[in-house]
There are 2 protein chains.
Amino acid sequence: MVDVNNIDVYLKSQGIRPSFHRMKILEYLLRERNHPTVDTIFDSLRGMFPTLSRTTVYNTMKLFLSHGVVQALTIEEKEVRYDADTSLHGHFKCVVCGAVYDFGLEEEIKTFMNLKDFQINEHYIFLKGVCKTCLESREV
Amino acid sequence: MVDVNNIDVYLKSQGIRPSFHRMKILEYLLRERNHPTVDTIFDSLRGMFPTLSRTTVYNTMKLFLSHGVVQALTIEEKEVRYDADTSLHGHFKCVVCGAVYDFGLEEEIKTFMNLKDFQINEHYIFLKGVCKTCLESREV
DNA sequence: TCTAAAACTGTAATAATTACAAAAATACAA
DNA sequence: TTGTATTTTTGTAATTATTACAGTTTTAGA
Ligand SMILES: [Mn+2]
Ligand SMILES: [Mn+2]
Ligand SMILES: [Zn+2]
Ligand SMILES: [Zn+2]
């Protein structure tokens, strides 16, 4: 995983110039781990520096995406989310609170990905349902 | 699987009045099995009946979706595709020809979906890469 | 300090989807 | 069959997320 204290080094290693905005955006992704949309990022950060433009967030996410610094998750139509954890893992979206949880994939997942005759470049796995918190608060 | 010759019966059983357009659209989905976008459906069908409106396709897909007659696949940003096969299966999109293939999931997939504390309502699994046909035609 | 390149901003343009109201088709009771 | 209410379809306008673009600011380095 990427060290939050060495974001500049990491960005350079990925061929991205570590500007202030880029570092703050990546720091946000790494710190919150909330799989945010562009608007979530924008709204969260402009409190800190109100000069931020939404276009900058879009541009930065596109740049990050093209350099493999983030992956895009289209869990819901019209709701593209971004994840700075680009490793292979599954996502669970709670349909009640909207939170997106990560979960690891064990060996078994690799079995069905080993499809002959096909070259696998990207794999997306996600689930939707109700998370533990929401299940409990409904039991009232 | 749904019988292409009894679409009207099937739609009624799902609580949907089987209008001409609805039957033709579902017939298209069942026959082609191509995971089409709204525009693909629209362009394919208006050759047969040019009076068709794009809005009707949108409306119909939304209706089908709410009745569980189709599932929506957002494999690519801004490219919502529809699948009349609502069973649990994986999708493979060839990044070369754009075709979306189905593949079955064996028992192992159920293992990691058996997450405790979470109620799973929907699961989406898809891969991207290059299909056999495209791999071969590149070997030239 | 000066200059060129890169990054950022804000607005305008684009494109997918949805809202909406009018027109057409359908169901069915009289 | 005819009349009427309901449903479906249509076409355009509105909305929304994203992208294009051009001007401005910042940065890096000679
Ligand atoms: Mn994740
Ligand atoms: Mn399928
Ligand atoms: Zn929840
Ligand atoms: Zn192919």
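Just so it is clear: chains get the letters A, B, ... in the order the sequence lines come, proteins before strands, and each one is counted from 1.
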- Cut-off 3.5 Å, side chains only: do S87(B) and D85(B) have a donor facing an acceptor?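 Yes.
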- Query: Are L73(B) and F64(B) joined in one hydrophobic group, where the rule is that I, L, V, M, F, W and Y side chains link up if heavy atoms are under 4.5 Å apart?
  - Reply: no
- Group every Ile, Leu, Val, Met, Phe, Trp and Tyr by side-chain heavy-atom contacts under 4.5 Å, then state whether M61(A) and I16(A) land in the same group.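 Shared cluster, yes.
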Assess whether a salt bridge exists between [X] and [Y], defined as any Lys/Arg side-chain N lying under 4.0 Å from an Asp/Glu carboxylate O.
X: R33(A); Y: D83(A); result: no
X: E76(A); Y: K78(A); result: no
X: E27(A); Y: R22(A); result: no

For the pair made of [atom1] in [X] and [atom2] in [N], what is the distance, rounded to whole Å?
X: L52(A); N: dC8(C); atom1: CG; atom2: C1'; value: 9 Å
X: F42(A); N: dC8(C); atom1: CZ; atom2: P; value: 14 Å
X: R81(A); N: dA17(D); atom1: CZ; atom2: P; value: 14 Å
X: F49(B); N: dA25(C); atom1: CZ; atom2: P; value: 14 Å
X: M61(A); N: dA17(D); atom1: CE; atom2: P; value: 17 Å
X: M23(B); N: dA25(C); atom1: CE; atom2: P; value: 16 Å

- Item | Reported CG-to-CD1 distance for the pair L30(B) and I25(B), which is rounded to 0.5 angstrom |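 So the CG of L30(B) and the CD1 of I25(B) are separated by 12.0 Å.
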So which protein nitrogen or oxygen atoms get under 3.5 Å of nucleotides 2-7 of chain C's nitrogens or oxygens?
{"from": "dA6(C)", "atom 1": "O3'", "to": "R17(A)", "atom 2": "NE", "distance (Å)": "3.4"}
{"from": "dA7(C)", "atom 1": "OP1", "to": "R22(A)", "atom 2": "NH1", "distance (Å)": "2.6"}
{"from": "dA7(C)", "atom 1": "OP1", "to": "R22(A)", "atom 2": "NH2", "distance (Å)": "3.4"}

Between protein and nucleic acid, restricted to nucleotides 17-21 of chain C and to nitrogen or oxygen atoms under 3.5 Å apart, what atom pairs and distances do you find?
{"from": "dT17(C)", "atom 1": "OP2", "to": "Y58(B)", "atom 2": "OH", "distance (Å)": "2.6"}
{"from": "dT17(C)", "atom 1": "O3'", "to": "K78(A)", "atom 2": "NZ", "distance (Å)": "3.3"}

- Item | Aromatic ring proximity, centroids under 6.0 angstrom, H21(B) and F49(B) |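 Ring-ring flag for F49(B)/H21(B): true, centres closer than 6.0 Å.
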